[in-house]
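Taking it in order: structure first as structure tokens, then the write-up.
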Amino acid sequence: MRLLLVFLLTVFAVPAVADKATGVWLTGPDGKGQVGHVRLAPCGQALCGKVLSAYDRNGKAVRTRNVGKRVIWGLQPVGGGEYSGLMYVSAVGKNVKGTFRVSGRSMTVRGCLGVICQSQVWTKLD
């Protein structure tokens with residue numbers, strides 16, 4: 001019985017932690033004032049994020065090169081509501097290491113390119 005309990009706790013531990021970050025998130029605005037909807041979902045042993053849609057500053061849907069693109073991958077929980085992984089930053093056309101701190105229905109997304117760091121606050125939609 002103990003072996004079964006240990007097995008069940010091990011199998012279900014990662015998905016329970018990942019639930020805080022999974023779902024659809026509204027990004028902060030980019031340099032053009034555009035926002036996006038990004039779905040974070042399991043992919044392998046981690047989470048990945050894909051841009052579902054993008055909107056201009058007036059809320060009108062726009063087509064950008066990032067819609068449909070995976071922009072976050074390898075996202076793993078590191079404790080205390082924080083996750084670490086890689087993300088694509090389209091403004092500079094580079095992949096960077098990122099940290100993602102979930103607090104309730106908000107997530108602070110932070111990435112650094114050398115000594116220059118930027119962050120956004122995303123809002124959970126579902």
Side-chain angles (χ1 to χ4, degrees):
M1 185 65 161
R2 284 186 187 178
L3 184 59
L4 177 61
L5 181 59
V6 170
F7 173 76
L8 290 174
L9 288 173
T10 303
V11 169
F12 293 107
V14 172
V17 172
D19 282 343
K20 287 177 125 179
T22 59
V24 177
W25 294 86
L26 172 66
T27 69
D30 66 9
K32 298 177 187 175
Q34 295 177 342
V35 297
H37 291 175
V38 175
R39 178 179 304 282
L40 288 178
C43 62
Q45 297 295 316
L47 297 177
C48 293
K50 181 178 179 180
V51 179
L52 301 176
S53 52
Y55 303 89
D56 67 15
R57 64 183 73 231
N58 298 316
K60 181 181 175 197
V62 295
R63 181 79 182 156
T64 71
R65 65 178 183 239
N66 291 325
V67 172
K69 185 174 188 169
R70 183 181 74 167
V71 293
I72 299 170
W73 60 97
L75 201 61
Q76 295 279 346
V78 294
E82 191 166 308
Y83 298 76
S84 179
L86 295 171
M87 62 184 164
Y88 175 72
V89 180
S90 63
V92 293
K94 300 218 182 259
N95 300 330
V96 301
K97 289 183 182 179
T99 59
F100 305 74
R101 181 175 293 278
V102 178
S103 177
R105 299 190 63 78
S106 294
M107 178 167 58
T108 302
V109 178
R110 180 176 173 84
C112 298
L113 187 59
V115 296
I116 299 173
C117 299
Q118 290 190 332
S119 61
Q120 286 186 338
V121 176
W122 293 9
T123 303
K124 194 165 195 177
L125 297 177
D126 77 354

With sequence neighbours excluded, what pairs up with [X] under the side-chain contact (heavy atoms from CB on, under 4.5 Å) test?
{"X": "S103", "result": "none"}
{"X": "V78", "result": "E82, S84"}
{"X": "V96", "result": "M87, V89, L113"}
{"X": "S119", "result": "T108, R110"}

Common cluster, V92/V109, ILVMFWY with side-chain heavy-atom separation under 4.5 Å: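 In one cluster with V92: V109, yes.
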Worked check of side chain to side chain contact (heavy atoms under 4.5 Å, CB included) between R39 and D126: CA-CA 10 Å; R39 178 179 304 282; D126 77 354; 4.1 Å; yes
Spacing of T22 atom OG1 and K124 atom NZ [to the nearest 0.5 Å]: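 The OG1 atom of T22 sits 5.0 Å away from the NZ atom of K124.
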Euclidean distance, K50 NZ relative to L40 CG, rounded to 0.5 Å: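 Separation between the atoms: 13.0 Å.
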Where at least one partner belongs to residues 59-110, residue pairs that pass disulfide (SG to SG under 2.5 Å), sequence neighbours excluded: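 Output for this query is empty, none listed.
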Is [X] reaching over with its side chain to a backbone N or O of [Y], donor-acceptor style, under 3.5 angstrom?
{"X": "Q45", "Y": "Q76", "value": "no"}
{"X": "R101", "Y": "G81", "value": "no"}
{"X": "Q118", "Y": "G111", "value": "no"}
{"X": "N58", "Y": "K60", "value": "no"}

Side chain to side chain contact (heavy atoms under 4.5 Å, CB included) between F100 and I72, intermediate numbers included: CA-CA 11 Å; F100 305 74; I72 299 170; 3.7 Å; yes
Which atom names give the shortest non-hydrogen contact between [X] and [Y], and what distance separates them?
{"X": "T64", "Y": "A54", "result": "CG2-CB, 4.0 Å"}
{"X": "K20", "Y": "W25", "result": "O-CZ2, 3.8 Å"}
{"X": "G74", "Y": "C48", "result": "N-SG, 4.4 Å"}
{"X": "N66", "Y": "V51", "result": "O-CB, 3.2 Å"}

Members besides V24 in its Ile/Leu/Val/Met/Phe/Trp/Tyr cluster (side-chain heavy atoms under 4.5 Å):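 Besides V24, the cluster holds L26, V35, L52, Y55, L125.
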Beyond-backbone contact of K97 with L86, side-chain heavy atoms, under 4.5 angstrom: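 Result yes, sub-4.5 Å side-chain heavy-atom pair found.
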